[in-house]
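Right, one structure below, let's go through it.
All values reported here derive from a predicted model rather than from experimental measurement.
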Amino acid sequence: TDDVGMESYITGLTMLTEQEKAQLLETEQKLKEDFKTLDRIYQTLDDRLDQALQGFDLEKMYDDVMSKNESLWKKLEDNLTPEQEEVADERAFIKASKALTGAEKDTLLKEVEEREKLDKIFEEKEAEVLRENSALVEQAEKIEEKIQAEDAKNQSIWDKVAQYEVIDE
């Protein structure tokens, strides 16, 4: 987290009392090292996953798969039926198309399979890295539990902030 940014944010919360602000700032200060440790752990895990994936240019493999049939995906998306908009499953979504021929649907369904194979490679490598680094994962989980416990103490203050803030979307 951006320490200065968070501190400025908290001190600028006009709906809070000075005591509430102090409590939030104290929590931020108390957890500062935990956040840094957590960031280091996640960076280490990311680096180790990158190492495990060396030799697999998954991004390029995904790009290659995704770019093969761009025009068919566009045709599918440009001709949505109301029924399709209700479908969450990608295969059912493709099969429900009225605009694609049977062969075009088969092409896209094969592409979905190819992407799922790439997903599986990534998921297997990720699971392997997490297993091999279970001590780090355990340490991260303990830190996250500590952070959640501290944050829970401030929940009523953050609820008060949420009542006053309008989120721009």
Side-chain angles (χ1 to χ4, degrees), residues 1-9 28 31-152 155 158 162 165-169:
T1 58
D2 179 356
D3 300 334
V4 176
M6 190 57 158
E7 288 174 18
S8 297
Y9 174 71
E28 285 300 309
L31 296 175
K32 187 183 282 189
E33 286 307 310
D34 291 317
F35 281 120
K36 286 181 182 174
T37 301
L38 206 52
D39 286 345
R40 281 194 300 272
I41 290 170
Y42 288 137
Q43 186 58 56
T44 299
L45 291 173
D46 283 347
D47 291 346
R48 291 180 182 169
L49 179 59
D50 287 345
Q51 288 172 346
L53 289 169
Q54 278 186 337
F56 296 96
D57 189 349
L58 280 180
E59 192 172 329
K60 182 182 177 342
M61 294 165 87
Y62 273 110
D63 287 345
D64 289 349
V65 169
M66 301 290 281
S67 64
K68 273 195 300 195
N69 300 298
E70 281 181 57
S71 60
L72 283 182
W73 286 108
K74 183 164 177 27
K75 182 178 176 181
L76 175 68
E77 291 164 12
D78 288 347
N79 296 286
L80 293 182
T81 63
E83 298 81 34
Q84 279 177 285
E85 292 179 18
E86 304 299 317
V87 177
D89 176 70
E90 192 171 22
R91 284 182 173 82
F93 178 79
I94 293 167
K95 289 176 185 175
S97 172
K98 305 266 189 262
L100 298 178
T101 66
E104 290 171 329
K105 289 177 188 180
D106 288 345
T107 298
L108 293 184
L109 291 169
K110 283 181 186 134
E111 185 174 306
V112 170
E113 266 181 53
E114 287 179 59
R115 281 198 329 254
E116 287 172 347
K117 286 177 187 171
L118 294 176
D119 291 345
K120 190 170 170 64
I121 291 171
F122 177 81
E123 290 163 6
E124 287 171 356
K125 290 292 183 185
E126 182 180 49
E128 180 182 315
V129 167
L130 293 176
R131 265 192 317 277
E132 290 170 357
N133 294 279
S134 59
L136 271 180
V137 172
E138 221 171 278
Q139 184 184 358
E141 287 170 353
K142 285 180 181 164
I143 293 170
E144 286 178 357
E145 286 171 13
K146 177 183 175 187
I147 291 169
Q148 287 174 354
E150 289 297 323
D151 284 346
Q155 190 58 52
W158 287 117
E165 287 196 336
V166 176
I167 299 172
D168 293 326
E169 291 187 350

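- With contacts defined as side-chain heavy-atom distances shorter than 4.5 Å, the pair Met6/Tyr9 qualifies.
- Distance check, rounded to the nearest 0.5 Å: CG of Asp39 to CG of Asp34 gives 11.0 Å.
- Taken from CG in Leu49 to OG1 in Thr44, the straight-line distance is 12.5 Å, to the nearest 0.5 Å.
- With hydrogens and angles left out, the side-chain atoms of Asp47 and Gln43 include a donor and acceptor closer than 3.5 Å.
- In this structure, CD on Glu111 lies 5.5 Å from CH2 on Trp73, to the nearest 0.5 angstrom.
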Under 3.5 Å, sequence neighbours excluded: what are the donor-acceptor pairs made by side chains of residues 93-100?
from, atom 1, to, atom 2, distance (Å)
Ser97, OG, Ala99, N, 3.1
Ser97, OG, Leu100, N, 3.2

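- By the 4.5 Å heavy-atom criterion applied to side chains, Gln84 and Glu77 are not counted as neighbours.
- Contact annotation: the side chain of Thr37 approaches that of Gln139 to within less than 4.5 Å [non-hydrogen atoms, C-beta and beyond].
- With sequence neighbours excluded, the residues forming a salt bridge (charged side-chain N to carboxylate O under 4.0 Å, His left out) with Lys74 are Asp78, listed by chain and number.
- A salt bridge links Asp64 and Lys60; the closest N-O separation between the charged side-chain nitrogens and carboxylate oxygens is under 4.0 Å.
- Here Lys117 does not pair with Glu114 in a salt bridge; the nearest charged N to carboxylate O distance is not below 4.0 Å.
- The existence of a salt bridge linking Lys120 and Glu124 is confirmed by a sub-4.0 Å separation between a basic side-chain nitrogen and an acidic carboxylate oxygen.
- A salt bridge links Lys75 to Glu104: one of the charged nitrogens lies within less than 4.0 Å of a carboxylate oxygen.
- For the atom pair Leu72 CG and Leu108 CG, the distance stands at 5.0 Å (nearest 0.5 Å).
- Closest heavy-atom contact between Met66 and Glu70: O-CG, 3.6 Å.
- Annotation: the span from Ile143 atom CD1 to Gln148 atom CD amounts to 12.5 Å, rounded to 0.5 Å.
- With salt bridges taken as basic N to acidic carboxylate O contacts below 4.0 Å, none links Arg48 and Glu132.
- Rounding to the nearest 0.5 Å gives a distance of 14.0 Å between CE of Met61 and CZ of Arg115.
- Counting only residues at least two apart or in different chains, salt bridge (Lys or Arg N to Asp or Glu O under 4.0 Å) contacts with residues 50-59 are absent.
- Across all non-hydrogen atoms, the minimal contact from Asn133 to Val129 is ND2-O, 2.7 Å.
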